[in-house]
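Below is one structure, written out as structure tokens; the observations come after it.
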Amino acid sequence: MNETAAVSLQGGAPSAAHNPFPILELIGLNKAFGEQLVLDSIDLKVRPGELVCVIGPSGSGKSTMLRCCNRLEEPSGGQVIVDGTDLMDRQTSIDRMRQKIGMVFQQFNLYPHYSALGNVALALRLVKKLSRSRAESLAFDALSRVGLADRAGHYPHQLSGGQQQRVGIARAIALDPKIVLFDEPTSALDPELVGSVLEVMRELRDIGMTMLVVTHEMAFARAVADRVVFMADGNIVEQGPPEQIFQAPLHERTRAFVEQRH
Ligand SMILES: Nc1ncnc2c1ncn2[C@@H]1O[C@H](COP(=O)(O)OP(=O)(O)OP(=O)(O)O)[C@@H](O)[C@H]1O
Ligand SMILES: [Mg+2]
């Protein structure tokens, strides 16, 4: 073994792919709406620092899976384990656990009568019960991180869609979550505004944020994801590194889907 390898084995941070302790783990996750089984025994792990992209046709269950991860949608069965705690356990405080799980939606859901700073600070005050001054200080830090320090005093209608979504991301990361879940964060944006949001997500990945991202942005998934999960009909058909999913998929359905999206 050479010296570099020995050092990295002893002291270096393990790469995300080999870290054995997932931040998020879904085990046998089921979800039915009435008679319709929408998630069929999903198993998925997201490890610290990983950016996992979920792709798949409309109606395949991507949003439902994401929403089950913080029980915005109530699973019908299975386990959802976040940072070692089972969300389905009756003893678990879901409010406390939700502080660990950031969520960024397709629609930004900002309060129109609060400034960018106000929107982010409000989340901190409500969720973390921080004082106004402490919340505003952390909110400003989060806005700076998404490149909006100079827009902190602007109201949502004074911001572009891309800037509003970056406020949404700032609101999620200000809470210092263990993982951030994104559901098609760029789908509501004009094409020219998509890049700025993806760039922020790329930067978050570079500072080690753990992210699970449902996206139709194949180029983004291909360039930035550590792993890509292809879903169809409530199942994970295939998952692997982007090179596998986009260049050498193991399943015919994956191949057909990515070909049609190119
Ligand atoms: N609240 C609900 N009640 C009944 N059925 C629902 C509900 N939410 C979702 N579904 C159904 O569950 C299935 C999966 O929906 P989901 O929104 O998770 O798909 P998706 O993969 O996110 O699709 P898209 O790419 O269009 O966003 C669909 O058949 C949908 O009609
Ligand atoms: Mg969806």
Side-chain angles (χ1 to χ4, degrees), residues 24-46 51-82 87-88 94 98 101-110 161-162 164-165 168-169 171-172 179-191 193-194 197-198 201 210-222 224-225 227-240 242 245-246 249 251-262:
L24 170 72
E25 186 167 14
L26 306 177
I27 305 172
L29 180 70
N30 287 317
K31 174 65 184 175
F33 289 110
E35 298 280 284
Q36 189 193 3
L37 188 62
V38 171
L39 297 177
D40 184 5
S41 199
I42 298 281
D43 294 317
L44 181 69
K45 289 180 187 172
V46 182
L51 192 164
V52 176
C53 282
V54 182
I55 62 173
S58 182
S60 56
K62 305 180 299 295
S63 295
T64 305
M65 180 179 81
L66 211 66
R67 292 165 60 83
C68 282
C69 293
N70 61 1
R71 288 181 66 183
L72 273 182
E73 205 67 79
E74 191 62 15
S76 306
Q79 283 174 283
V80 179
I81 299 171
V82 175
L87 262 61
M88 303 309 292
I94 188 68
R98 283 188 181 141
I101 310 166
M103 182 107 195
V104 177
F105 302 92
Q106 181 176 330
Q107 300 300 336
F108 328 122
N109 303 330
L110 301 180
Q164 289 183 54
Q165 186 57 296
I169 294 174
R171 180 178 52 190
I179 185 167
V180 184
L181 312 173
F182 295 80
D183 194 357
E184 297 193 28
T186 59
S187 293
L189 299 177
D190 292 338
L193 301 176
V194 168
V197 172
L198 295 180
M201 293 169 67
T210 307
M211 298 189 268
L212 182 59
V213 183
V214 172
T215 185
H216 289 298
E217 295 289 339
M218 296 299 137
F220 174 77
R222 197 175 182 147
V224 180
R227 187 150 45 91
V228 178
V229 172
F230 172 62
M231 281 183 76
D233 297 333
N235 292 292
I236 293 179
V237 174
E238 175 169 359
Q239 58 178 306
I245 301 297
F246 293 108
H251 288 262
E252 173 56 28
R253 278 198 88 166
T254 318
R255 192 189 60 71
F257 180 79
V258 300
E259 261 182 18
Q260 163 216 331
R261 295 284 169 149
H262 275 189

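Counting convention: from 1, in listed order, for ligands and their atoms alike. Both backbone and side-chain heavy atoms feed into the values below; hydrogens, waters and symmetry mates do not.
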Exercise. Who gets closest to atom 16 (P) of ligand 1 by heavy atom: Leu39, Ile55, Thr64?
Worked result: Thr64
For this session: For ligand 1, note which part of Val38 has a heavy atom under 4.0 Å away: side chain, backbone, both or neither.
Result: side chain
Problem set entry | Heavy-atom gap Met231 to ligand 1 smaller than 4.0 Å | no
Problem set entry | Among Thr215, Val224, Val104, Val213, the one residue meeting side-chain contact (heavy atoms from CB on, under 4.5 Å) with Met201 | Val213
For this session: Give a yes/no verdict on whether any heavy atom in Ser60 is under 4.0 Å from an atom of ligand 1.
Result: yes
Exercise. Residues two or more places apart in sequence or in another chain: which of them pass salt bridge (Lys or Arg N to Asp or Glu O under 4.0 Å) with Glu259?
Worked result: Arg255
Problem set entry | Polar protein atoms (N, O or S) that approach the Mg ion (ligand 2) to under 2.8 Å | Ser63 OG
For this session: Between Gly34, Ala232, Gly59, flag the one that comes closest to atom 23 (O) of ligand 1 by a heavy atom.
Result: Gly59
Exercise. Given the protein's heavy atoms, is any one of them under 4.0 Å from atom 31 (O) of ligand 1?
Worked result: no
For this session: Show your working on side chain to side chain donor-acceptor pair (under 3.5 Å) between Ser41 and Asn30 and close with a plain yes or no.
Result: CA-CA 5 Å; Ser41 199; Asn30 287 317; 4.7 Å; no
For this session: Could you list the residues that satisfy salt bridge (Lys or Arg N to Asp or Glu O under 4.0 Å) with Glu73, not counting sequence neighbours?
Result: Arg67
Seminar exercise, completed: Result for side-chain contact (heavy atoms from CB on, under 4.5 Å) between Ile179 and one of Asn70, Val52, Ile101 points to Ile101
For this session: May I ask whether Pro57 places a heavy atom under 4.0 Å from ligand 1?
Result: yes
Exercise. How does Met65 reach ligand 1, if at all, at less than 4.0 Å between non-hydrogen atoms: by side chain, backbone, both, or neither?
Worked result: neither
Exercise. Can you find a protein heavy atom under 4.0 Å from atom 7 (C) of ligand 1?
Worked result: yes
For this session: Just jot down the ligand 1 atoms closer than 4.0 angstrom to any heavy atom of Ser63, in number order.
Result: 17 (O), 18 (O), 20 (P), 22 (O), 27 (O)
For this session: Find all atoms of ligand 1 within a distance of less than 4.0 Å from any non-hydrogen atom belonging to Glu184, and give their numbers and elements.
Result: 25 (O), 27 (O)
Problem set entry | Arg222: side chain to side chain donor-acceptor pair (under 3.5 Å) partners, not counting sequence neighbours | His262
Problem set entry | Close approach of Gln36 to ligand 1, heavy atoms, under 4.0 angstrom | yes
